Amino acid sequence: MRWRKVLKEMSPYTPGKSIEEVKAMYGLEDIIKLASNENPYGASDVVNEQLSPQAVDLEIYPDGYAGKLRTTIASELEINENQLLFGSGSDEIIVIIARALLGEGTNTIVATPTFPQYKHHALIEGAEVKEIPLIDGEHDLDGFLEAIDHNTSVIWLCSPNNPTGNLIKQDQLTAFLEQVPERILVVLDEAYYEYVVDEHYIDTVELIHKYKNVLILRTFSKAYGLAALRVGYAIGDQSLITPLNTTRSPFNVTSLSLALAEKAFADKAFIEKCRTLNRAQMERFYAYAEQHGLHIFDSQANFVLLQVPVSATVATEELLKQGYIVRSGDALGTPGYIRVTVGTAEQNDGFFKAFDTLLEGAGSLK
Ligand SMILES: *Cc1c(COP(=O)(O)O)cnc(C)c1O
């Protein structure tokens, strides 16, 4: 086979351990998964009410235009229907962008560490990837500007950033956009948008009218609690959406996913509830970190990047033995830290207890 050369140096995505795997490995009954930033409160009740075998006609192809979901979101965001693109999760939209704009002779700029899929798909397409280190968990936008050259095709911004949780400040974002040439696509991945409570946050949808090269990514996988359904969407000027739409496969989002996402989108009270509960629980992580002298990043998402008293791999393993699945910073480019999804009050009670044990044993684990 004549595989693309770059595939030899890459490997498939390794998912975090599943609940079933951990149960079997450690002989545990109760496992709490705080590793993938899923919504600990599940999804809106309206979704579950809709979930019946009659929900869709299984023999019929999905609506490739995603008409109903499109109308619902467009009217809520006060944009045109042709300013939206749907994907099988925002993951697929990242693939579509890379396919449409990246290839040999082009380069792309990303932060490091950030969501790894931007780099992954850029490499597969043969593009050069320029990685700009975060400064205190934040994007170094001046560093991004310096890295731009004639071959730069796509810039990826993640806000709040995964895995630090930091939000790009609005004045910095607009100052940055003013300086980026219009021929470069700026992707603003807002997978955690629904969780943002920063009072300085201004809705970024406004930006697509002024900056025709900005594409915002949002998803139903996090706050909406629908990760299993795989629905994400992009918001941008029609001049961006049309070529991306040409690139995507025609029936990329399933009928069931479209129908349930539409129901979920309408339940604003559920999102509001999750945002409030998430924030209240996150405050406990800040208090805990302060009490124990551990560094924690300033998060506007539903997870925290928390310092650990031993190596990240050891800490992750020790927490796992107690039934808590978290993500090791060694796998995320943040050694010495773990990324923890903020759980429910009860889940967090247990997590802090497990972490207490980790702190007590830290001396002998080093
Ligand atoms: C979880 C996540 C995604 C992927 O979302 P899907 O819509 O489930 O594909 C995209 N970007 C970031 C930053 C994420 O954390």
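In listed order, ligands and their atoms are each counted from 1. Basis for what follows: all heavy atoms, side chains included, without hydrogens, waters or symmetry-related copies. Every value quoted in this text rests on a predicted model; they were computed, and no experiment measured them. Index from 1, following the sequence.
Taking the ring centre of Phe303 as origin, the terminal cationic atom of Arg339 falls inside the region bounded by 6.0 Å and 45° from the ring axis.
For the pair Glu190 and Arg218, the salt-bridge criterion is met [side-chain N within less than 4.0 Å of a carboxylate O]. Taking a cutoff of 4.0 Å between a charged side-chain nitrogen and a carboxylate oxygen, Lys119 and Glu131 qualify as a salt bridge.
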Write 'none' if nothing qualifies; otherwise put on separate lines each N/O atom of ligand 1 with a protein N/O atom under 3.5 Å away and their distance to 0.1 Å.
{"unit_1": "ligand 1", "atom_1": "5 (O)", "unit_2": "Ser90", "atom_2": "OG", "d": "3.2"}
{"unit_1": "ligand 1", "atom_1": "7 (O)", "unit_2": "Ser90", "atom_2": "N", "d": "2.6"}
{"unit_1": "ligand 1", "atom_1": "7 (O)", "unit_2": "Ser90", "atom_2": "OG", "d": "2.9"}
{"unit_1": "ligand 1", "atom_1": "7 (O)", "unit_2": "Thr219", "atom_2": "OG1", "d": "2.5"}
{"unit_1": "ligand 1", "atom_1": "7 (O)", "unit_2": "Ser221", "atom_2": "OG", "d": "3.4"}
{"unit_1": "ligand 1", "atom_1": "8 (O)", "unit_2": "Ser221", "atom_2": "OG", "d": "2.6"}
{"unit_1": "ligand 1", "atom_1": "8 (O)", "unit_2": "Arg230", "atom_2": "NH1", "d": "2.8"}
{"unit_1": "ligand 1", "atom_1": "8 (O)", "unit_2": "Arg230", "atom_2": "NH2", "d": "3.3"}
{"unit_1": "ligand 1", "atom_1": "9 (O)", "unit_2": "Ser90", "atom_2": "N", "d": "3.1"}
{"unit_1": "ligand 1", "atom_1": "9 (O)", "unit_2": "Asp91", "atom_2": "N", "d": "2.9"}
{"unit_1": "ligand 1", "atom_1": "9 (O)", "unit_2": "Asp91", "atom_2": "OD2", "d": "3.4"}
{"unit_1": "ligand 1", "atom_1": "9 (O)", "unit_2": "Arg230", "atom_2": "NH2", "d": "2.8"}
{"unit_1": "ligand 1", "atom_1": "11 (N)", "unit_2": "Asp189", "atom_2": "OD1", "d": "3.4"}
{"unit_1": "ligand 1", "atom_1": "11 (N)", "unit_2": "Asp189", "atom_2": "OD2", "d": "2.6"}
{"unit_1": "ligand 1", "atom_1": "15 (O)", "unit_2": "Asn162", "atom_2": "ND2", "d": "2.9"}
{"unit_1": "ligand 1", "atom_1": "15 (O)", "unit_2": "Tyr192", "atom_2": "OH", "d": "2.6"}
{"unit_1": "ligand 1", "atom_1": "15 (O)", "unit_2": "Lys222", "atom_2": "NZ", "d": "3.1"}

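The closest side-chain donor-acceptor pair between Trp156 and Thr108 falls under 3.5 angstrom.
No side-chain heavy atom of Met282 sits under 4.5 Å from any side-chain heavy atom of Gln300.
In this view, Lys268 and Glu76 satisfy the salt bridge (Lys or Arg N to Asp or Glu O under 4.0 Å) rule, not counting sequence neighbours.
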